[in-house]
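Working notes for the structure below.
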Amino acid sequence: MTVSDSPEFLQIARPHEITPELRGQLVDCWTAVINAGGAVIAPGIPLPPVSVRDVGPAAERLIDGLDPERGRLLVATIDGTLAGWLLVRRDPHPLIAHWGVVNHVQTHPRFRRQGIGTALMTRVREIAAEDLKLEQLQLSARGGLGLEHFYRSLGWTEVGRWPGALRVAPGDDRDDILMCLSL
């Protein structure tokens, strides 16, 4: 990735801040990532292959749930086109309100291997510490894809695994890898 290709970031905290065009790009990205084998299947989305019709309702729930006190949708664009996105949120329960959770980390397949994932994870760290005043982040990653190596290279620590917790397909159970990052 060259300096001219560096992503621009958009931080969305409220549902009305997302345009119909960006909403469509978000659903398109999520659909493409799932169909490319990405580990970002949310409740209500079937196993691949999926269509935008399958992913759209989950995206609407995610967008409708945005609240500036609870989290942010972080979008990376290149030349105005969505290249990747993630969600960072905090739980309002007072015992864990100092922790945040990163979900749905994804790079559109046409922008893979250009540093988008690294840029998103670097920027979310800043947002979590500065804007949300969080002290730690956590995420879970699907085993068998090498994702733990990617996150580890960015300073995350594996804190546990749930062996075989994720059933990708009949006979294909994967570990759910739990990771955290101190801010």
Side-chain angles (χ1 to χ4, degrees), residues 7-34 38-46 50 52 54-77 82-108 116-142 147-148 150-152 154-160 162 165-166 176-183:
E8 291 185 21
F9 294 104
L10 178 60
Q11 191 180 152
I12 300 167
R14 293 176 177 85
H16 72 270
E17 296 172 353
I18 190 163
T19 66
E21 179 184 0
L22 183 55
R23 187 179 304 253
Q25 287 186 45
L26 185 94
V27 172
D28 175 65
C29 177
W30 203 348
T31 303
V33 168
I34 290 171
V40 291
I41 300 171
I45 298 177
V50 298
V52 295
D54 297 320
V55 175
E60 290 302 319
R61 285 190 300 278
L62 184 146
I63 292 165
D64 289 344
L66 290 172
D67 176 327
E69 298 302 315
R70 298 245 352 255
R72 305 286 189 282
L73 176 65
L74 179 62
V75 176
T77 63
L82 186 142
W85 64 276
L86 59 75
L87 180 69
V88 59
R89 61 179 172 77
R90 90 165 69 241
D91 191 298
H93 193 286
L95 290 176
I96 55 174
H98 62 291
W99 279 68
V101 178
V102 177
N103 293 113
H104 309 296
V105 179
Q106 51 193 283
T107 300
H108 196 291
I116 302 301
T118 298
L120 279 164
M121 294 305 292
T122 300
R123 184 69 183 118
V124 77
R125 183 180 199 153
E126 296 165 4
I127 291 167
E130 296 167 14
D131 297 350
L132 296 171
K133 307 296 186 216
L134 297 170
E135 297 173 21
Q136 292 194 27
L137 291 173
Q138 63 182 351
L139 61 77
S140 95
R142 182 192 302 168
L147 297 172
E148 66 272 31
F150 168 71
Y151 293 119
R152 200 173 293 124
L154 298 172
W156 290 73
T157 302
E158 182 177 328
V159 294
W162 290 343
L166 305 173
D176 190 5
I177 304 167
L178 311 173
M179 304 195 81
C180 75
L181 176 73
S182 293
L183 301 174

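Counting from 1, the numbers follow the sequence of the chain as shown. Everything numeric in this text was worked out from a predicted model, so none of it was measured.
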Subject >> Heavy-atom side-chain proximity of M121 to L139 below 4.5 angstrom >> reply: yes
Original post:
Any donor-acceptor pair under 3.5 Å linking the side chain of R90 with the backbone of A97?
Top reply: yes
Original post:
About how many Å separate NE2 of H98 and CG of L183, when rounded to the nearest 0.5 Å?
Top reply: 11.0 Å
Subject >> Closest non-hydrogen atom pair between A59 and V27, with its separation >> reply: CB-CG2, 3.6 Å
**OP:** To the nearest 0.5 Å, tell me how far H104 NE2 sits from L73 CG.
**Re:** 9.5 Å
Original post:
Does the side chain of D131 come within less than 4.5 Å of Q11's, by heavy atoms?
Top reply: yes
Original post:
Can you pull the salt bridge (charged side-chain N to carboxylate O under 4.0 Å, His left out) pairs that have at least one residue in residues 117-127, sequence neighbours excluded?
Top reply: R123-E126
Subject >> Flag side-chain contact, heavy atom, 4.5 Å: Q138 against V101 >> reply: yes
Original post:
Which heavy atom in P68 sits nearest to a heavy atom in L132, and how many Å separate them?
Top reply: O-CD2, 4.0 Å
Original post:
Under 4.5 Å between any side-chain heavy atoms of V40 and I34, yes or no?
Top reply: yes
**OP:** State, to 0.1 Å, how close L120 and W85 come at their nearest heavy-atom pair, and which atoms those are.
**Re:** CD1-N, 3.5 Å
Original post:
Of all heavy-atom pairs between C180 and Q136, which one has the smallest distance, and what is that distance?
Top reply: SG-OE1, 4.4 Å
Original post:
For T31 and V50, which heavy atoms make the closest approach, and how far apart are they?
Top reply: CG2-O, 3.6 Å
**OP:** Calculate, to the nearest 0.5 Å, the distance between atoms CZ and CG belonging to R89 and D67 respectively.
**Re:** 12.5 Å
Subject >> Full working for side chain to side chain contact (heavy atoms under 4.5 Å, CB included) between L10 and L22 >> reply: CA-CA 10 Å; L10 178 60; L22 183 55; 3.6 Å; yes
Subject >> Closest contact, heavy atoms only, V75 versus T77 >> reply: CG1-CG2, 3.9 Å
**OP:** Could you tell me whether a side-chain N or O of R72 sits under 3.5 Å from a main-chain N or O of I12, the two making a donor and an acceptor?
**Re:** no
Original post:
With a 4.5 Å limit on heavy-atom distance, are the side chains of L74 and F9 in contact?
Top reply: yes
**OP:** State the CG-CD distance between L26 and E60, to the nearest 0.5 angstrom.
**Re:** 9.5 Å
**OP:** Determine whether more than 12 heavy atoms belonging to other residues, nucleotides or ligands lie under 6.0 Å from atom CD of E17.
**Re:** yes
Subject >> Distance (rounded to the nearest 0.5 Å) between I63 CD1 and L87 CG >> reply: 10.5 Å
Original post:
Are I177 and W156 side-chain neighbours, meaning at least one heavy-atom pair lies under 4.5 Å?
Top reply: no
**OP:** Measure the spacing between CG of L181 and OG1 of T157 and express it to the nearest 0.5 Å.
**Re:** 7.5 Å
Subject >> Side chain Q25, main chain L82, donor-acceptor under 3.5 Å >> reply: yes
